[in-house]
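Shown next, in structure tokens, is the structure this report addresses.
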Number of protein chains: 2
Amino acid sequence: MAKPTRQYHHGNLRSALIEAAIPLLEAQGPGALSLREVAKAAGVSHAAPYRHFADKTALLEEIAARGYDTLTQACHKAQKRYVDDPAQQLVEAGIGYLLFVVEQPRVAHLMFGGMIALDACGEVLQQSSATAFKSLVDIVDGGVKAGVFRTAPAQELTLAAWSMVHGLASLIASGMLTGIADNRREVRRLGRQLAETLLHGMLANDKRT
Amino acid sequence: MAKPTRQYHHGNLRSALIEAAIPLLEAQGPGALSLREVAKAAGVSHAAPYRHFADKTALLEEIAARGYDTLTQACHKAQKRYVDDPAQQLVEAGIGYLLFVVEQPRVAHLMFGGMIALDACGEVLQQSSATAFKSLVDIVDGGVKAGVFRTAPAQELTLAAWSMVHGLASLIASGMLTGIADNRREVRRLGRQLAETLLHGMLANDKRT
DNA sequence: ACCTGAACACCGTTCAAGT
DNA sequence: ACCTGAACACCGTTCAAGT
């Protein structure tokens with residue numbers, strides 16, 4: 001996707017495999033993706049990848065982990081960009097996540113589990129996803145401490161926010177919203193719209209119990 | 001899971017295959033599930049399934065479709081049980097969904113896409129998922145008309161509710177919440193908790209713009 | 001009409017052997 | 001140290017042939 005990458009005959013095959021795998025993954029979906037195919041795309045024999053990845057799953061996990069890192073970065077960016085406005089931080093981080101998902105839906109699905117059991121996956125993935133979650137908790141925690149968000153365990157509110165953005169992301173990635181969330185502009189609009197509901201709630205006359 | 005099912009030598013193999021597939025699916029995850037294995041579990045040759053399903057995907061789609069039907073039924077039940085209380089209907093429907101996901105997480109993942117591109121899937125699945133979504137829209141629409149929910153396009157609020165419950169379901173199914181949402185009681189609690197946030201919002205001082 | 005067995009092209013993974 | 005080629009057990013799918 002970036003550089004020409006030609007003579008990896010003894011360059012770093014590891015990265016080359018990952019870079020070769022992602023477009024294939026996006027083109028035909030996981031499950032249909034074969035390690036042999038990735039090897040061929042990288043210009044090596046079908047056995048070569050095993051010198052760098054223990055497993056087909058190990059390759060997929062690495063790709064998924066990078067996805068989580070992207071989300072983490074989106075959180076950090078949002079925090080720096082909207083200091084002292086936690087609500088806006090939340091909205092921007094969420095939209096960053098959504099945009100990533102629109103661009104690489106199959107990679108997103110890898111992150112969502114299903115192929116890889118996040119339950120019992122390698123440390124790389126477990127770490128990356130935990131870090132991403134922590135970044136979100138940070139934002140929400142800041143909002144609670146600043147008195148912007150309701151006083152509640154930050155984890156509780158974070159889970160709500162995470163569920164909402166993750167749910168929307170999942171719906172987009174699975175094509176359930178085809179026709180509603182096809183391009184970046186529509187996704188931005190949807191993200192803002194849902195954030196509105198998340199912040200203000202659904203009720204008409206809220207007695208705020 | 002229910003009946004003994006012995007002599008399907010010319011009974012309805014179709015259902016037998018589905019019933020045989022689900023436990024295998026739950027045991028080892030999709031992708032690892034092989035059609036040959038399902039056939040063996042059903043006591044037929046590996047070629048027999050092709051008389052009833054065009055494809056391995058066709059079998060999986062049917063299973064996913066049944067999952068969506070379960071969600072639809074959860075919506076209907078909740079509507080009947082809490083007439084004139086749309087908020088409670090929403091909560092109960094959501095919890096029904098979550099409980100299904102805890103019990104059959106791999107089937108849930110099938111529904112969430114990833115394996116099957118919901119984008120371009122068979123009519124069976126497309127219909128079932130559309131029906132499920134419509135059931136949720138019905139509940140929200142009732143709430144808007146009754147003045148309980150904010151005045152907004154029902155689809156907009158529904159998408160928020162759907163995203164939240166679907167997101168939480170996805171997190172549970174992928175094992176991301178292991179230790180927090182392991183049994184039915186914890187899931188019920190989590191569901192109610194998130195519903196609270198969805199209904200009341202996250203903000204401390206809501207100016208309700 | 002429904003099922004079987006052999007067959008084909010493809011996989012993931014392993015391992016001795018090459019450079 | 002890193003890569004290759006052959007090999008093994010498995011898969012999805014097809015198709016002639018059986019009942």
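These values consider heavy atoms only, across backbone and side chains, with no hydrogens, waters or symmetry-generated copies. Labels below follow one simple rule: chain letters A, B, ... track the order of the sequence lines, proteins then strands, and each chain is numbered from 1.
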Which of these, A:V102, A:V101, A:I95, sits in a side-chain contact (heavy atoms from CB on, under 4.5 Å) with A:V187?
A:V102
Euclidean distance, atom NZ of residue A:K40 to atom C1' of D:dG5 [Å, nearest integer]:
15 Å
Given atom CG of A:L35 and atom C1' of C:dT13, what is their separation to the nearest angstrom?
9 Å
Heavy atoms from C-beta onward define the side chain here; which of D:dT13, C:dC3, C:dC15 lies closest to that of B:R36?
D:dT13
Round to the nearest Å and state the distance from B:H52 atom NE2 to C:dA1 atom C1'.
10 Å
To the nearest angstrom, how far is A:L13 atom CG from D:dC3 atom P?
5 Å
Can you identify which nucleotide, out of D:dT13, C:dC2, C:dT14, has its nearest atom closest to the B:R51 side chain?
C:dC2
For a quick test of your reading: what N or O donor-acceptor pairs under 3.5 Å do the side chains of residues 56-71 of chain A make, sequence neighbours left out?
{"from": "A:K56", "atom 1": "NZ", "to": "A:L33", "atom 2": "O", "distance (Å)": "2.8"}
{"from": "A:E61", "atom 1": "OE1", "to": "A:G122", "atom 2": "N", "distance (Å)": "3.0"}
{"from": "A:E61", "atom 1": "OE2", "to": "A:G122", "atom 2": "N", "distance (Å)": "3.1"}
{"from": "A:E62", "atom 1": "OE1", "to": "A:R14", "atom 2": "NH2", "distance (Å)": "2.7"}
{"from": "A:Y68", "atom 1": "OH", "to": "A:M111", "atom 2": "O", "distance (Å)": "2.8"}
{"from": "A:T70", "atom 1": "OG1", "to": "A:R66", "atom 2": "O", "distance (Å)": "3.1"}

Main-chain N/O of A:Q193 paired to B:E156 side chain as donor or acceptor, under 3.5 Å:
no
How long is the line joining OH of B:Y50 and P of C:dC3, in whole Å?
15 Å
Please figure out whether A:T57 or B:S45 has its closest DNA chain C nucleotide nearer the 5' end.
B:S45
Rounded to whole Å, the CG-C1' distance (A:L33 to D:dG12) equals 17 Å
Other residues, nucleotides, ligands: >12 heavy atoms within 6.0 Å of A:Q28 CD:
yes
Atom NZ of A:K56 and atom P of C:dC11 are separated, to the nearest Å, by 9 Å
Any strand: nucleotide that pairs with D:dA17 via Watson-Crick or wobble, under 3.5 Å
none
For A:H46 and B:A54, find the nucleotide of DNA chain D closest to each by heavy atoms; which residue's nucleotide sits nearer the 5' end?
A:H46
Please determine, for C:dC11, whether a Watson-Crick or G-U wobble partner exists with both distances under 3.5 Å, and give it or none.
none
Residue B:S34, side-chain atoms from C-beta onward, closest of C:dC3, D:dC11, C:dC15:
D:dC11
According to the Watson-Crick and G-U wobble definitions, with both distances under 3.5 Å, which nucleotide is paired to D:dC3?
none
Nearest-neighbour nucleotide for the A:V44 side chain, D:dT4, D:dT14, C:dC11 considered
D:dT4
Given atom CG of A:L60 and atom P of C:dG12, what is their separation to the nearest angstrom?
10 Å
Assess whether ring-ring contact (aromatic ring centres under 6.0 Å, His included) is satisfied between A:H109 and B:F112, documenting all intermediate values.
CA-CA 9 Å; A:H109 257 122; B:F112 300 165; 8.8 Å; no
